[in-house]
Amino acid sequence: MILAETVLFALALIDSGAILFLLVYFIITLSDLECDYLNAQECCDNLNYWLLPKYIAHSFITFLLLFHGQILLFLLNLPMFIWISFEYFTIPQGNLGAYDPAEIHNRGQLKKHLRDVMIYVGHYLIFFFIYLYCFILALLKGDPIRRGSDDEIVTEII
């Protein structure tokens, strides 16, 4: 183990929370494009800029769970890791990124991107609460308050 279990789940909570905030930004940007508050070039540049940090953040927590032996959580995160990797590494030739300004209004691409972001939000929201539960369990594991005998006064909290 690299880190303590509480630190692992604290990092997972922070990571999930950061990705959730990023996905809210994706939703706002895509809905601004849908309402014509942003042009397609501006929107796609903003979204493509944040694809790599999202990929790195999810990869970090997925492999950290694997290194700590949290196999069930790793296996539950693996399909999303594979999907994000597929999305990131299979950008068609000639496109500027996963969000291409020339194609975002064609064939319902905007609706597809909004649907995908909503699926991501659901996934990370569920895992945020799973990590919170695991974090609380890790904090309460064992006896968090050092208890002595009846006549001993305890002045330390571990």
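Just so you know, these numbers come straight off a predicted model, no measurement behind them.
Linking ILVMFWY residues whenever their side-chain heavy atoms come closer than 4.5 Å, directly or via other members, places L139 and L65 in the same cluster. At a threshold of 4.5 Å between side-chain heavy atoms, the hydrophobic network of Ile, Leu, Val, Met, Phe, Trp and Tyr places F67 and I14 in two separate groups. By the criterion of side-chain heavy atoms lying less than 4.5 angstrom apart, applied directly or through intervening Ile, Leu, Val, Met, Phe, Trp or Tyr residues, I126 is grouped together with F135 in one hydrophobic cluster. In terms of hydrophobic clustering, with Ile, Leu, Val, Met, Phe, Trp and Tyr side chains grouped at heavy-atom distances under 4.5 Å, L52 and L96 are assigned to different clusters. Hydrophobic clustering, with ILVMFWY side chains joined whenever heavy atoms are under 4.5 angstrom apart, keeps F21 apart from F129.
Taking the side chain as every heavy atom from C-beta outward, Y55 and F89 approach each other to under 4.5 Å. Between D116 and K112 there is a side-chain heavy-atom pair separated by less than 4.5 Å. Using a 4.5 Å heavy-atom cutoff, the side chains of F127 and L76 are in contact. Side-chain contact between Y99 and D45: absent, with no pair of heavy atoms (C-beta onward) separated by less than 4.5 Å. Side-chain contact check for K141 versus T6: every heavy-atom pair is 4.5 Å or farther apart. No side-chain heavy atom of I27 sits under 4.5 Å from any side-chain heavy atom of L23. Looking at Y124 and H58, their side chains come closer than 4.5 Å, going by heavy atoms from C-beta outward. The shortest distance between side-chain heavy atoms of D100 and I91 does not fall below 4.5 Å.
The structure places CG of N46 at 10.5 Å from CG of L30, a figure rounded to the nearest 0.5 Å. To the nearest 0.5 Å, atom CD of residue Q70 and atom CZ of residue F9 are 4.0 Å apart. Taking CG of L13 as the start and CD1 of I136 as the end, the distance is 8.5 Å to the nearest 0.5 Å. Put simply, CD1 on I82 and CG on L78 are 4.0 Å apart, with the number rounded to the nearest 0.5 Å. Summarising the geometry, atom OG belonging to S16 is positioned 10.5 Å from atom CG belonging to L11; distances are rounded to the nearest 0.5 Å. Annotation: the span from L38 atom CG to I28 atom CD1 amounts to 11.0 Å, rounded to 0.5 Å.
The salt bridge (charged side-chain N to carboxylate O under 4.0 Å, His left out) contacts involving residues 123-133 comprise nothing, where partners must be two or more places apart or lie in separate chains. Applying the salt bridge (charged side-chain N to carboxylate O under 4.0 Å, His left out) test to pairs two or more places apart or on separate chains, none has a residue in residues 63-82. Counting only residues at least two apart or on different chains, the salt bridge (charged side-chain N to carboxylate O under 4.0 Å, His left out) pairs with a member in residues 14-42 are E34-K111.
Residue Y37 qualifies as open at atom OH: its count of foreign heavy atoms under 6.0 Å is 12 or below. Y88 OH: 12 or fewer foreign heavy atoms inside a 6.0 Å radius. Under a cut-off of 6.0 angstrom, the local environment of OH in Y49 is sparse, with at most 12 non-hydrogen atoms contributed by other residues, nucleotides or ligands.
Shown here for P101 and C44, the closest heavy-atom pair between the two residues is N-SG, 3.5 Å. Residues N106 and A102 approach most closely at ND2-O, 3.4 Å, considering heavy atoms. Contact between F74 and T62 at its shortest, heavy atoms only, is CD1-O, 3.3 Å. Nearest heavy atom pair, residue N48 against residue A98, reads OD1-N, 3.3 Å. The minimum heavy-atom distance between E87 and K54, with the atom names listed, is OE1-NZ, 3.9 Å.
Residues satisfying the ring pair (Phe, Tyr, Trp, His ring centres under 6.0 Å) criterion with Y133, sequence neighbours excluded, are absent altogether. Applying the side chain to side chain donor-acceptor pair (under 3.5 Å) test to N95 and every residue at least two apart in sequence or in another chain returns nothing. Taking T29 as the reference, nothing meets the side chain to side chain donor-acceptor pair (under 3.5 Å) condition, with sequence neighbours excluded.
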What's the verdict on side chain to side chain contact (heavy atoms under 4.5 Å, CB included) for I119 and H123, showing C-alpha distance, side-chain angles and the deciding distance? CA-CA 6 Å; I119 291 170; H123 171 83; 5.6 Å; no
Show the numbers, then the answer: is there a side chain to side chain contact (heavy atoms under 4.5 Å, CB included) between L8 and C134? CA-CA 10 Å; L8 169 70; C134 291; over 6 Å; no
When you look at L137 and E5, which way does the side chain to side chain contact (heavy atoms under 4.5 Å, CB included) test go after all the steps? CA-CA 10 Å; L137 281 181; E5 201 172 42; over 6 Å; no
Quick one, I19 with Y120, criterion side chain to side chain contact (heavy atoms under 4.5 Å, CB included). Give me CA distance, side-chain angles, the key distance, then yes/no. CA-CA 9 Å; I19 293 174; Y120 295 149; over 6 Å; no
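Between H113 and F26, the ring center distance fails the sub-6.0 Å criterion.
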